[in-house]
Amino acid sequence: MIPLSDIHVILPAYNEASKIQEVIRSIREQGIQHIIVVNDGSKDNTAERAQQLDVLVVNHLINRGAGAAVQTAIELARRKNWQWIALMDADGQHEAADLIRLKEKMEQSDCDIVIGSRFMQRNRQIPITRIFFNFIANCMTNLFCRENFSDSQSGLRLLNRRAIDAIDLQIDGFGFCSEMLIRAEQVKLQIEETPIRVYYTDYSIRKGQDFQVGLNTAFNFLWNALFK
């Protein structure tokens with residue numbers, strides 16, 4: 001069994017002042033108390049809003065990217081000897097109750113990483129642009145993987161200690177999502193998916209990848225997959 005008291009939830013955050021407290025409170029409602037905000041060079045008061053709720057805030061001096069924030073989170077987990085870390089988007093699109101679903105899936109399968117999949121069940125909340133971007137990203141990612149993942153770009157993930165110790169990410173941007181799966185397979189980690197819910201708003205859509213960001217993400221991902 002995985003005690004809720006041993007799970008540390010990491011929120012990579014960039015300019016999330018309007019949402020960060022709502023997300024933190026929703027996680028605490030699930031009985032999870034260890035919450036860490038990696039403030040990726042926000043220009044608003046994200047860090048201050050998070051600190052008001054007495055969570056640990058780790059600050060990047062400049063905006064480096066979502067992948068860099070996750071790298072910081074994994075390194076912190078190694079130093080602190082945390083046994084389980086959950087990664088969760090800070091824009092409010094995830095339902096905190098799904099953290100429990102990830103925990104239960106890891107307990108049942110004894111896997112090393114659980115990916116929360118938006119596409120294992122029908123979800124009318126997902127905009128067509130997100131479906132398109134994720135379809136392309138899944139195809140690219142699965143070319144380099146033994147398994148076929150339904151949601152390679154999901155921001156909701158649970159890692160155990162084996163994964164924390166073994167995964168060495170290099171991509172600073174959104175391409176880290178695919179990179180994590182590829183590198184995990186390379187070091188023989190077991191990866192499972194479980195269905196989750198997701199809620200898109202105008203706010204969360206603006207925070208996500210547009211076409212130009214998607215192209216940059218694809219280029220960086222392919223460069224790292226082929227040449228590093």
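Just so you know, these numbers use all the heavy atoms, side chains as well, and skip hydrogens, waters and symmetry mates.
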Undergrad: Would you check, one step at a time, whether the test salt bridge (Lys or Arg N to Asp or Glu O under 4.0 Å) holds for Glu29 with Arg25?
TA: CA-CA 6 Å; Glu29 287 174 358; Arg25 290 190 180 101; over 6 Å; no
Undergrad: Taking the side chain from Glu16 and the backbone from Asn39, do they hold a donor-acceptor pair closer than 3.5 Å?
TA: no
Undergrad: Between Gln33 and Ser5, is any pair of side-chain heavy atoms under 4.5 Å apart?
TA: no
Undergrad: Shared ILVMFWY cluster between Ile27 and Leu53, side chains joined below 4.5 angstrom?
TA: yes
Undergrad: Regarding Gln21 and Gln52, do their side chains bring together a donor and an acceptor under 3.5 Å, going by distance alone?
TA: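 On atom types as modelled, these side chains qualify, holding a pair under 3.5 Å.
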Undergrad: Is there a donor-acceptor pair under 3.5 Å between the side chain of Glu193 and the backbone N or O of Asp151?
TA: yes
Undergrad: Are Trp84 and Ile100 linked, directly or through other ILVMFWY residues, by side chains that come within less than 4.5 angstrom of each other?
TA: yes
Undergrad: Rounded to the nearest 0.5 Å, what's the gap from CD1 on Ile74 to CD1 on Ile10? Could you check?
TA: 9.0 Å
Undergrad: So which heavy atom on Ile196 is nearest to which on His94, and how close?
TA: CD1-CD2, 4.2 Å
Undergrad: Flag the pair Asn142 / Phe149 as yes when at least one side-chain heavy-atom distance between them is below 4.5 Å, and no otherwise.
TA: yes
Undergrad: I would like to know whether Val55 and Gln51 meet side chain to side chain contact (heavy atoms under 4.5 Å, CB included); could you show each step before the answer?
TA: CA-CA 6 Å; Val55 303; Gln51 288 168 337; over 6 Å; no
Undergrad: Which atom pair, heavy atoms only, marks the closest approach of Ala163 to Asp112?
TA: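 Heavy-atom minimum between the residues: CB-O, 3.7 Å.
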Undergrad: At their closest point, which heavy atom of Arg162 faces which heavy atom of Asp110, and how far apart are they?
TA: NH2-O, 3.9 Å
Undergrad: Are the side chains of Ile113 and Glu192 in touch, meaning some heavy atoms are under 4.5 Å apart?
TA: no
Undergrad: Would you check if Pro195 and Ser117 make a side-chain contact, meaning some heavy-atom pair closer than 4.5 Å?
TA: no
Undergrad: Nearest 0.5 Å, please: how far is CD1 in Ile115 from OG in Ser154?
TA: 6.5 Å
Undergrad: Just how far is it from atom CG of Asp89 to atom CG of Leu11, taken to the nearest 0.5 Å?
TA: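 With rounding to 0.5 Å, CG (Asp89) is 9.0 Å from CG (Leu11).
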Undergrad: Taking Ser26 for its side chain and Val23 for its backbone only, find out whether a donor-acceptor pair lies under 3.5 Å.
TA: yes
Undergrad: If every non-hydrogen atom of Leu102 is compared with every non-hydrogen atom of Gly116, which pair is closest and at what distance?
TA: CD1-CA, 4.2 Å
Undergrad: Atom CG of Asp98 and atom CZ of Arg118: how far apart are they, to the nearest 0.5 Å?
TA: 12.0 Å
Undergrad: Side chain of Gln93, backbone of Val198: donor and acceptor closer than 3.5 Å?
TA: no
Undergrad: Would the distance check show the side chain of Arg157 and the main-chain N or O of Cys177 forming a donor-acceptor pair, the cut-off being under 3.5 Å?
TA: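 Between the backbone of Cys177 and the side chain of Arg157 there is a qualifying donor-acceptor contact (under 3.5 Å).
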Undergrad: Check the pair Ile35 / Leu56 against side chain to side chain contact (heavy atoms under 4.5 Å, CB included), numbers first and verdict last.
TA: CA-CA 7 Å; Ile35 304 170; Leu56 174 63; over 6 Å; no
Undergrad: Answer with yes or no whether the hydrophobic clustering places Val187 together with Phe176; edges join I, L, V, M, F, W, Y residues whose side-chain heavy atoms lie under 4.5 Å apart.
TA: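 Both belong to a single hydrophobic cluster.
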Undergrad: Taking Glu185 for the side chain and Arg146 for the main chain, is one N or O donor matched with an acceptor at less than 3.5 Å?
TA: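 Judged by distance alone, yes, a pair lies under 3.5 Å.
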Undergrad: Once you round to the nearest 0.5 Å, how far does NZ of Lys105 lie from NZ of Lys103?
TA: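 Lys105 atom NZ to Lys103 atom NZ measures 14.5 Å (nearest 0.5 Å).
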Undergrad: Below 4.5 Å, heavy atoms only, C-beta onward: do Asn138 and Ile136 meet side chain to side chain?
TA: no
Undergrad: Do the side chain of Asp172 and the main chain of Gly67 share a donor and acceptor less than 3.5 angstrom apart?
TA: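 No: the side chain of Asp172 does not pair with the backbone of Gly67.
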Undergrad: As a quick check of understanding, evaluate side chain to side chain contact (heavy atoms under 4.5 Å, CB included) for Leu156 and Val114, giving each step before the final call.
TA: CA-CA 9 Å; Leu156 188 61; Val114 180; over 6 Å; no
Undergrad: Surrounding CD of Glu107 (heavy atoms of other residues, nucleotides or ligands, distance under 6.0 Å), is the total greater than 12?
TA: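 Count over threshold, so yes.
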Undergrad: Under the 3.5 angstrom rule, does the side chain of Arg78 hit a backbone N or O of Ile164 as a donor-acceptor pair?
TA: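 It does hold such a pair.
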Undergrad: Minimum heavy-atom separation for Val70 to Pro12, with atom names?
TA: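 Looks like CG2-CG, 4.1 Å.
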Undergrad: Side-chain contact test, heavy atoms from C-beta onward, threshold under 4.5 Å: evaluate it for Leu87 versus Met180 and give yes or no.
TA: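 Leu87 vs Met180: side chains touch.
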Undergrad: So, the side chain of Gln83 versus the backbone of Asn81: is there a donor-acceptor pair under 3.5 Å, distance only?
TA: yes
Undergrad: Could you report the tightest heavy-atom contact between Ser42 and Ala13, atom names first, then the distance?
TA: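 For Ser42 versus Ala13, the nearest heavy atoms are OG-O, 3.6 Å.
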Undergrad: Distance-only, no hydrogens or angles: does the Asp40 side chain make a donor-acceptor pair with backbone N or O of Arg64 under 3.5 Å?
TA: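 A pair under 3.5 Å: yes.
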Undergrad: Using side-chain hydrogen bond (donor to acceptor under 3.5 Å, both in side chains) as the criterion, list what pairs up with Lys43, not counting sequence neighbours.
TA: Tyr14
Undergrad: Stepwise, does the side chain to side chain contact (heavy atoms under 4.5 Å, CB included) test hold for Glu22 with Ile24?
TA: CA-CA 6 Å; Glu22 174 187 333; Ile24 291 169; over 6 Å; no
Undergrad: Could you check Asp91 against Lys19 for salt bridge (Lys or Arg N to Asp or Glu O under 4.0 Å), going step by step and ending with a plain yes or no?
TA: CA-CA 6 Å; Asp91 60 6; Lys19 288 289 184 178; over 6 Å; no
Undergrad: Could you check if a side-chain atom of Asn63 sits within less than 4.5 angstrom of a side-chain atom of Asn15, using non-hydrogen atoms only?
TA: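 A side-chain contact is absent here, since even the closest heavy-atom pair is not under 4.5 Å.
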Undergrad: Hey, could you give me the CD1/OG1 distance between Ile36 and Thr72, rounded to the nearest 0.5 Å?
TA: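 Output value for this atom pair is 12.5 Å.
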Undergrad: Which residues pass the salt bridge (charged side-chain N to carboxylate O under 4.0 Å, His left out) test with Glu95, sequence neighbours left out?
TA: Arg197
Undergrad: Taking side chain as C-beta onward, heavy atoms only, is Ile2 less than 4.5 Å from Ile7?
TA: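 Yes, side chains in contact.
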